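Report on the following structure.
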Amino acid sequence: MNIVLSIFMLFGLAALAPFVNQRFPKISGWLLSIVPAGLFVWFLSKIPAVVQGLPIAESYPWLAAMGINFSFKLDGLSLVFALLITGIGALILIYAGYYMRSYQKTNRFFGYLVFFMASMLGLVTASDWILLFMFWEFTSVSSFVLIGFKHEKSAAREAALQALLITGLGGLALLAGLIMMSLPYGNFSFDAVINTPELFLESKLFIPATILILIGAFTKSAIFPFHFWLPGAMQAPSPVSAFLHSATMVKAGIYLLARLHPVMESQELWIYTLSVFGVVTMFVGAWFALAQQDLKKILAYTTVSALGTLVLLIGTSTAYSITAALVFLLVHAFYKATLFMMAGNIEKKTGTRDIRKLGQLSRFMPVATVISLLALLSMSGIPPMIGFIGKELMYEAKLTAPEAGNFILIMGFLANAFTVFVSFRFAYEVFWGKSVSFEKPPHEPDISLLTGPAVLVLISLVLGIFPNQVADLLGPAFQAILPGEQLIKLKLWHGFNEILLLSFLTVLLGIVMFAFRRKIIRLVSYMNLNFFNAKLSQKFFSGIDVFLSLTKKKTAVVQHGYHRFYLMTIFISAGLLLLLTTNAIDFSVDFSWHQSPLNYLVILAAIMIVAGSVAVITAKSRLLALIATGFVGIGITIIFVIYSGVDLAITMVMVETLTVVIGAMVVYHLPKYLDYSGVGSRIRDGIVAVFFGGVMSYLALHTSSPEGIDKISAYFAANSYTKAFGENIVNVILVDFRALDTLGEIVVLALAAIGIVSLLKLNAHKKSSR
Amino acid sequence: MKTEILKIAAAHLKPFLLVLSLVVLYRGHNEPGGGFIAGLMAGMAYVIYAGAFGVNQAKQLLLAKPLFFMGLGITLAIFSGTIGLMNGADNFLTGVWTSISFGNYDLKLGTPLLFDLGVYFTVAGMLVKVIFSVMEEDA
């Protein structure tokens, strides 16, 4: 058992999942969760080794010549993420097995979900930048299909496209950034950059590379101003929101930042960018969560806020802040996955997620109420949940922040208070509050729907009371982010100090806000509508529209649809490029006549060719011109025969014949020449023709001159029989020495044929529909 | 265009051209010939037939759809390249040789021939596919 195998097991499971669901629809969730649960246990068993500072590394050559390898490494940071992915993944599968029953085409859903799980596991264990990028893109694609799972709904399609475009754009930026970063090293391994960061930090490309990498991380982790795709992604079914859009995929950006932090921690650009964007996102997310009415939207905006907090904490770069980041990472994954699953449960049992249409659910589903309440306590940072420890550490980190501590502290305080308000509102309005009449009375969600949330909440509770159980695990992760410092000891009770006071004030402000909730929501909605109505999502789509219309205009210029101009473009550019190339290399041409024996047959052929050419130009009908072209071709064939290019001659005869035959079929349908081209365009065409013909003749003369490039043909001549056992050099070149070129050519032939046929079919279709 | 002379000629030319195309394919390694030319010849056998009897009738004589032959050709070409790899060569498309004896005559076979067979099928398939489509458009 090793890392690669674990990833491939999941990819294999992804391929099998549709069939498992097809065969055992009732228990597919439980069955499918066996593999990730087993992997979770395997990863757990690796904790001792990793704690002792013995990370597990594997490497297989991939594109070794380019310094790209299939290498994986399981260190502390990777292990934390791997445990989250497999552990929560198993719980989500159990949940989804029941949740997705009301949906159509669920077979593929499980395939997508497990595929995502495999990609995400690959992302956090890869130790090669290109490999990481590959898995990064896999997760974007699986996110796309999962958000758009209800593809009959246009809103789902739009949200999926938006998420794909934004994370795809970020992915491209990331790729460029990673390549720039790895240039000084000549390979793409993590170790190169992490062990000798100076090479990168002092390279010219440091600033552009850093910015591009940050764009990649920020788009993936929904950091302001790219945050808007995440609330849109709530179109996905709830298991997807719980897994991809709260616990795992959106943390990929955070993972990348944490991974690169030891390289970048000394750089102001890095520290300031993370801090500023982190603070802004933290506040903006919490603010927009205030007045939302859709349960999943509320959770989505608090997720944005949490992601901002994580970026800020990494950017603060102290022992406290990194400890806080790691703890909060776990805390958030636990409570947010729970709450998303509960939101899904509520929607399933009542038919709505609108907080205004819900109420009094504690009477119908007491177990679900308890689970949700505990998760909301963790989200508000109230003891004894682990969320409390997370928040205490955050305050500690902000108090001890090296710069702008006060500003960060105030923003963090407000964001936390908003989160408390949101949690209270969620709890009160949904489980108590007004009594609502439901069409059919809701009842307790089924056991499969409650297992995942219950397990996660229990972990939050136990870890809140015994926090040092995770210290072993977080220690090595801490070392990976901030080597040289120590993880802060975790405890529930810190004594009476200013941090406890801050926590108390946060909750107090949240409760006060809750008391005035109607006014606050009205005020916030009013402000959102009038001042903060940025409509980023719409702007994004109108930007896409502008881009599309620009590309249409560009296409209209370059792809004008006139065959003669395409040919002219090809001839002119090919001719110029060839001339440029001959200038660049040592190029000589011998204009003397002694090259080959000249006889009357050659002269005859030459006359044929010239006569044919003149006939083509002066022909009064297309058919005549076509036949004259064939005449030219036969003349050339004769020359090939004379100079013993028999293969070429045979091919030429066939191609010429076919050209004339196919041409005749086409010409038959064309109208007669109605107007001839004018003198001006004839002169223009003539110049192009003479130019290109001249260039080609010049090249031909070169190949036959004594100093020409005959070294390669001498090699072929010498080795054709000895190495490739063939006497026909042309054929040996085609099928052996240069077989790869030929393979490419036959693929092109096949593609061209498919292209021609589809054009013809399209035309036929148009005719019949007319 | 459908004259009796053409019909009789096409009917007799078709098997002749097909056999000839195989000969040209095999001899290509040492003498003029090869997959490309042979493929064109094989394709032409059917094109001439279609010219005499119509596309529909010619289609019925094909063993499989032209698209299948194109795919088969490319697959064969790629497969021929992997044989060398499986025999321990470092590079894709490395040649491997063998020969089968029939009494005094050795039939030499090698992956380049298999590759050329791939070219043959692709070219023949392409020719038939394109020209038949154009002819159908005419009809």
Side-chain angles (χ1 to χ4, degrees), chain A residues 640-641 644-658 661-666 668-669 720-721 723-764 767, chain B residues 24-25 27-41 43-44 47-48 51 66-67 69-71 73-74 76-78 80-81 91-95 97 99 108 110-123 125-138:
Chain A
F640 283 144
V641 175
S644 64
V646 188
D647 276 287
L648 284 176
I650 301 176
T651 314
M652 189 82 185
V653 168
M654 296 215 171
V655 172
E656 286 300 328
T657 315
L658 279 173
V661 170
I662 298 177
M665 283 182 190
V666 176
Y668 179 71
H669 291 276
S720 173
Y721 193 72
K723 287 199 175 155
F725 313 107
E727 286 164 10
N728 179 354
I729 302 177
V730 176
N731 188 263
V732 169
I733 292 174
L734 284 174
V735 300
D736 201 336
F737 289 141
R738 288 291 166 86
L740 193 62
D741 294 358
T742 311
L743 180 61
E745 280 154 20
I746 61 174
V747 172
V748 169
L749 268 185
L751 288 178
I754 293 169
I756 292 169
V757 170
S758 41
L759 278 177
L760 286 169
K761 289 272 154 67
L762 196 70
N763 198 21
K767 264 187 201 159
Chain B
V24 170
L25 169 71
R27 81 197 281 263
H29 212 57
N30 293 316
E31 290 157 277
F36 189 82
I37 302 173
L40 286 179
M41 287 171 75
M44 283 303 275
V47 170
I48 294 171
L67 207 59
F69 283 109
M70 282 153 60
I74 293 174
L76 276 179
I78 293 174
S80 79
N91 295 309
F92 183 54
L93 290 165
T94 304
W97 300 88
S99 76
K108 281 189 183 155
T111 54
L113 184 63
L114 193 61
F115 184 89
D116 226 9
L117 189 67
V119 175
Y120 172 84
F121 279 132
T122 314
V123 170
M126 180 222 61
L127 189 69
V128 170
K129 179 83 192 167
V130 170
I131 297 200
F132 278 19
S133 302
V134 175
M135 283 179 161
E136 279 178 336
E137 178 81 344
D138 276 8

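Note that the coordinates shown come from a computational prediction; the quantities given were computed from them, not determined experimentally. Computed from heavy atoms alone, side chains included, the values below leave out hydrogens, waters and symmetry copies. Per chain, numbering begins at 1; letters A, B, ... match sequence-line order.
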Using heavy-atom distances under 4.5 Å, tell me whether [X] contacts chain B through its side chain, its backbone, both, or neither.
X: Leu740(A); result: both
X: Ile662(A); result: side chain
X: Leu648(A); result: neither

Quick one: closest heavy-atom pair of [X] and [Y], and the distance?
X: Asp736(A); Y: Pro112(B); value: OD2-CG, 3.6 Å
X: Leu743(A); Y: Phe115(B); value: N-CZ, 3.7 Å
X: Ser133(B); Y: Leu760(A); value: CB-CD1, 3.5 Å
X: Asn731(A); Y: Gly35(B); value: ND2-N, 4.4 Å

Heavy-atom side-chain contact between Ile131(B) and Val661(A) under 4.5 Å: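 No, side chains not in contact.
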
Check: Leu734(A) and Val119(B) side chains under 4.5 Å, non-hydrogen atoms: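 No, too far: nothing below the 4.5 Å cut-off.
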
Chain A interface, residue from Val123(B), Asp116(B), Val24(B), Val47(B) that has the most non-hydrogen pairs under 4.5 Å: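 The candidate making the most pairs under 4.5 Å is Asp116(B).
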
Option in Val732(A), Leu658(A), Val653(A) with maximal non-hydrogen atom pairs under 4.5 Å from chain B: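 Maximum pair count with chain B is reached by Leu658(A).
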
Test applied, side-chain contact (heavy atoms from CB on, under 4.5 Å); reference residue, Met70(B); option that passes from Leu749(A), Ile746(A), Ile754(A):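 It is Ile754(A); the other options fail the test.
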
Need one label for [X]: side chain, backbone, both or neither, based on atoms under 4.5 Å from any heavy atom in chain A.
X: Leu113(B); value: neither
X: Leu127(B); value: side chain
X: Met41(B); value: both

Side chain to side chain contact (heavy atoms under 4.5 Å, CB included) assessment of Ile756(A) paired with Lys129(B): CA-CA 9 Å; Ile756(A) 292 169; Lys129(B) 179 83 192 167; over 6 Å; no

